[in-house]
Visitor: 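Have a look at the structure that comes next, please.
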There are 2 protein chains.
Amino acid sequence: MDFSQGVPEPTLRRLPTYCHFLRRLAQDGADVVSCRQIGDALHLDPTQIRKDLAYAGMAGRPKVGYPVPELLAGVENFLGWNNTQQAILVGAGSLGTALLGYKAMDRNGVRIVAAFDTSPDKTFQAIHQVKVLPMRKLVDLVGRMQIHVGILTVPAESAQTVCDLMVQAGIRAIWNFAPVALKVPDTVIVQNENLFSSLAVLSSRLQSTFQPRTLPEEDPS
Amino acid sequence: MDFSQGVPEPTLRRLPTYCHFLRRLAQDGADVVSCRQIGDALHLDPTQIRKDLAYAGMAGRPKVGYPVPELLAGVENFLGWNNTQQAILVGAGSLGTALLGYKAMDRNGVRIVAAFDTSPDKTFQAIHQVKVLPMRKLVDLVGRMQIHVGILTVPAESAQTVCDLMVQAGIRAIWNFAPVALKVPDTVIVQNENLFSSLAVLSSRLQSTFQPRTLPEEDPS
DNA sequence: TAGATTGTTAATCGATTAACAATC
DNA sequence: TAGATTGTTAATCGATTAACAATC
């Protein structure tokens, strides 16, 4: 398996899905699983799954398959879900609040240790057990706790300003929910999460089931 | 431009980003824009943008560029953002609540007209001006209002059950936030939104900046 | 006109899928 | 052993990028 280019992004995106499925299998007490079984459950090609698992460093045994507990542990470990990253979140609006309430986050490699907001109505309260602090505390806290991950859930207008503050504080990876292309130094990683992109795919596919897009025709003149 | 295969998904995912940028340009009063400018702002290749815009049916003028208002209107129209789809949402937990509060949704082609939840604490209240109803009202309301889009924000355990109910009610496209591969008839479209996939990409890239993944070595024995 | 930008065709790149040998 | 499944190499497919002609 060639690792020189790193793990392909599509592979990385599928691995968490395998984990979710394997957790259920493990709960049901399965001890081995084949790529065929995983593929049937997740509507994916077995060969692709085998390749993805190989990227994650997991090997199976011909005729037998993969041992479920080891496979799950191995993939989780590969994804870094064992040594959880600490993170801060900026923007305690409705989306920010939702992420703070996502219990599953912990089991998926990220723990939000503090939130920040400009609104005095929100600061010094706790949302889902996470303290909300005023922005002026950000740089100090990130520095002291050596936090590397920032989650950005502020409106588009303030996204770049907050981003700059995060970078200044020492944040090295930003999970960005604002529909804006952030400018960052190239030492900082930005992962954009654009819900509307996904929605666009949905509604476009829906529209084409109603009235399939017409093919361009020859000019009849 | 070949439309026989439909518009590529990556193109579809980029189009909303262009809209956001074009809206800002339009507000600033720009009347034309070149692919070069868009590309610089969004960190994308100008050729790719030109191709994407052609897929959306937009033409520019050599040396001049694209007229901003027409381009914005054209792309929004292509994405179906003018005739908004009505949708229901099931699962008024923290994520569901966040989506109900997303004002921008309206401008992005979807209006949530009702929410559903099993919990009696939530039903018959309004969250962000949207009524929350008990599940038993779902089939009737979807049928009467001829709603085609369902947003699924329930826990993984109940996702398939709720999905089945949606399908039975006549929903034709499901925006699924549960980390589960739903089984649906092939007349129904499922768009999966898995936040943890995105998070996995982020943390993997972050880890590799700390300690670049080692290449497999020859066995030294 | 000259230069910039679009539109389109061709080349490249990378991911998916298929084929098949190795193995339990 | 025979058959199923893994592991790996080759073929295919599709998207991105490059090259270049058309045009204002």
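Chain identifiers are assigned alphabetically (A, B, ...) following the order of the sequence lines, protein sequences preceding nucleic acid strands; residue numbering begins at 1 within each chain. Only this structure's heavy atoms are used, side chains among them; waters, hydrogens and symmetry mates stay out.
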Visitor: May I ask you to say what A/Ser34 touches in the nucleic acid, namely base, sugar-phosphate or nothing, with a heavy-atom cut-off under 4.0 Å?
Guide: sugar-phosphate
Visitor: Identify, between A/Asp45 and A/Arg61, the residue whose nearest nucleotide on DNA chain C lies closer to the 5' end.
Guide: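 Residue closer to the 5' terminus by nearest nucleotide: A/Asp45.
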Visitor: Using atom CD1 of A/Ile38 as one end and atom C1' of D/dT5 as the other, report the distance to the nearest whole Å.
Guide: 12 Å
Visitor: Measure the distance from OH on B/Tyr66 to C1' on C/dT5 and round it to the nearest whole Å.
Guide: 9 Å
Visitor: Without decimals, in angstroms, what is the distance between B/Gln48 CD and C/dT12 P?
Guide: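 Those two atoms, CD and P, are 19 Å apart.
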Visitor: So, does A/Arg50 get its side chain near the phosphate of D/dT9, meaning an N or O under 4.0 Å from OP1 or OP2?
Guide: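 Answer no for this pair, as no side-chain N or O of A/Arg50 is under 4.0 Å from OP1 or OP2.
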Visitor: Go through C/dT5, D/dT6, D/dA15 for me and flag the one nearest to the B/Arg36 side chain.
Guide: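 Between C/dT5, D/dT6, D/dA15, the one nearest the side chain of B/Arg36 would be C/dT5.
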Visitor: Write down the distance between CD1 (A/Ile49) and P (D/dG7), rounded to a whole number of angstrom.
Guide: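 Checked: the CD1 to P distance equals 13 Å.
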Visitor: Quick one: does A/Lys51 reach the base of D/dT6 with a side-chain donor-acceptor pair under 3.5 Å?
Guide: no
Visitor: Would you name the heavy atoms of A/Leu195 and B/Leu99 that are closest together and state the gap between them?
Guide: CD1-CD2, 4.1 Å
Visitor: What's the shortest heavy-atom distance between A/Ile171 and A/Gly150, and which atoms?
Guide: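 Heavy atoms of A/Ile171 and A/Gly150 come nearest at CG2-N, 3.7 Å.
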Visitor: Go nucleotide by nucleotide along DNA chain D from the 5' end; which of A/Lys63 and A/Pro46 gets its closest nucleotide reached first?
Guide: A/Lys63
Visitor: Quickly work out the A/Met58 CE to D/dT8 P distance and round it to whole Å.
Guide: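 So the two atoms are 15 Å apart, to the nearest Å.
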Visitor: Tell me the interatomic distance from B/Leu71, atom CG, to C/dG7, atom P, rounded to whole angstroms.
Guide: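 For the pair B/Leu71 CG and C/dG7 P, the rounded distance is 11 Å.
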Visitor: Return the pairing partner of C/dT12 with a 3.5 Å limit on both distances, Watson-Crick or G-U wobble; otherwise return none.
Guide: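 Across any shown strand, C/dT12 pairs with D/dA15.
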Visitor: Are any of the side-chain nitrogens in A/Arg205 or B/Glu9 under 4.0 Å away from the carboxylate oxygens of its partner?
Guide: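 No, this pair does not count.
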Visitor: Let's see if you can work this out: which of C/dT17, C/dT6, D/dG7 has an atom nearest to the side-chain heavy atoms of B/Pro62?
Guide: C/dT6
Visitor: Atom CD of A/Gln37 to atom C1' of D/dA4: distance rounded to whole Å?
Guide: 12 Å
Visitor: In whole angstrom, give the distance that lies between atom CD of A/Glu9 and atom C1' of C/dT16.
Guide: 16 Å
Visitor: Please report the closest heavy-atom contact between A/Val33 and A/Ile38, naming both atoms and the distance.
Guide: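 Where A/Val33 meets A/Ile38 most closely, the heavy atoms are CG2-CG1, 3.7 Å.
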Visitor: Ignoring hydrogens and geometry, is there a side-chain-to-backbone donor-acceptor pair from A/Ser158 to A/Val154 under 3.5 Å?
Guide: no
Visitor: If D/dC20 has a Watson-Crick or G-U wobble mate with both distances under 3.5 Å, name it; if not, just say none.
Guide: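 With both distances under 3.5 Å, D/dC20 matches C/dG7.
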